[in-house]
Amino acid sequence: MLRILRPATDRLLSPIGRGLARIGVTPNIVTIVGTAGVVASSLFFYPRGQLYIGTIVVTVFVLFDMLDGAVARATEGASPWGAFLDSTLDRLADAAIFAGLLVWLMGESGDQVLAWLALFCMIGGFGVSYVKARAESLGVNCDVGVAERTERLILVLVAAGLHGLDVPYVLAGGLWLLAVLSALTIGQRLVETRIRLTEPSRPAETQ
């Protein structure tokens, strides 16, 4: 679904990316600053139970991190190293969000069920990303699944933010839904990869 919105998002971010490029900001700087902001704000606000303000700050840095692609296009600075750095730091940012929630759920909140659920969602996020990366290292396109990173971030941040506004059951509902979707996405990617790796190769056409 979100892939459909990507062209419109690119058009919106491109002028900002060009502006950042003109003042000397590189894509890697955007990636590092965005990730550092997400990690720091997640581990500062969430363990204290400040879910609403924490989500606002985290979202600002997540949106800033999205600008690395726009800056890369403006400077023609896309590189394999930049793509590797972005993917690696994305995993750290995602882990920090769930780690912050996990600390709060195990401590002040005292909700052990949701704490284990948050842990499962964090592991599931790593699993979703790893299956795709490992498949692509074998030459298989594994760009499938109902819950890619953007969808997972939207779901957890909306649930956490609304919980911070005292909306009942929204955090539990969001984590349960995210857990199911993450498991489903891992299953989809495993099936897709197995099909692509085991399908018989087509015989060469006779002349």
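The structure displayed is predicted, hence computed values, not measured ones.
Residues passing the side chain to side chain contact (heavy atoms under 4.5 Å, CB included) test with Phe61, sequence neighbours excluded: Val38, Ser41, Val57. Among residues two or more places apart in sequence or in another chain, the side-chain hydrogen bond (donor to acceptor under 3.5 Å, both in side chains) test is passed with Ser129 by Arg91. Arg48 is linked by a side-chain hydrogen bond (donor to acceptor under 3.5 Å, both in side chains) to nothing, counting only residues two or more places apart in sequence or in another chain.
Atom CD1 of residue Ile56 and atom CG of residue Leu157 lie 9.5 Å apart, to the nearest 0.5 angstrom. The line from CH2 of Trp116 to CG of Leu102 is 9.0 Å long, rounded to the nearest 0.5 Å. Separating the CG atom in Leu67 from the CG atom in Leu20 is a distance of 6.0 Å, to the nearest 0.5 Å. To the nearest 0.5 Å, the span separating CD1 on Ile16 from CZ on Phe64 amounts to 10.5 Å. To the nearest 0.5 angstrom, Phe126 atom CZ is 13.0 Å from Cys121 atom SG. Note that CG of Asp65 is 4.5 Å distant from OG1 of Thr35, once rounded to the nearest 0.5 Å.
Note on Met66 and Val33: same hydrophobic cluster, where clusters join Ile, Leu, Val, Met, Phe, Trp and Tyr whose side-chain heavy atoms are under 4.5 Å apart, directly or indirectly. Under the 4.5 Å side-chain contact rule for hydrophobic residues, Val58 and Phe44 share a cluster. Connection of Val71 to Ile32 is not established within any shared hydrophobic cluster, with ILVMFWY side chains joined at heavy-atom distances below 4.5 Å, either directly or through further cluster members. Transitive grouping of hydrophobic side chains (ILVMFWY, heavy atoms separated by less than 4.5 Å) brings Met122 and Phe45 into a common cluster.
No more than 12 heavy-atom neighbours from other residues, nucleotides or ligands sit within 6.0 angstrom of OH on Tyr52.
Considering only heavy atoms from C-beta on, Arg189 comes within 4.5 Å of Val128 through its side chain. Using a 4.5 Å cut-off on side-chain heavy atoms (C-beta onward), Asp68 and Asn28 make no contact. In this structure, Phe98 and Val156 have side chains that are in contact, with non-hydrogen atoms separated by less than 4.5 Å. Using a 4.5 Å heavy-atom threshold, the side chains of Val146 and Gln188 count as touching. Here the side chains of Leu165 and Leu51 are not in contact, with every heavy-atom distance at 4.5 Å or above. In this structure, the side chains of Phe120 and Leu175 stay at 4.5 Å or more apart for every pair of heavy atoms. Using a 4.5 Å heavy-atom threshold, the side chains of Tyr46 and Ile97 count as touching.
Closest approach of Thr185 and Ala147 over heavy atoms only: OG1-N, 3.0 Å. The minimum heavy-atom distance between Thr55 and Gly161, with the atom names listed, is OG1-N, 3.4 Å. The shortest non-hydrogen separation linking Ala135 to Cys142 is CB-CB, 3.8 Å. Of all non-hydrogen atoms in Ile186 and Gly124, the two that sit nearest each other are CD1-O, 3.7 Å.
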message = Evaluate Arg196 against Thr193 for side chain to side chain donor-acceptor pair (under 3.5 Å), listing each step before the verdict.
response = CA-CA 5 Å; Arg196 290 181 178 272; Thr193 302; over 6 Å; no
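Between Arg152 and Glu148 no salt bridge is recorded (no basic side-chain N to carboxylate O distance below 4.0 Å).
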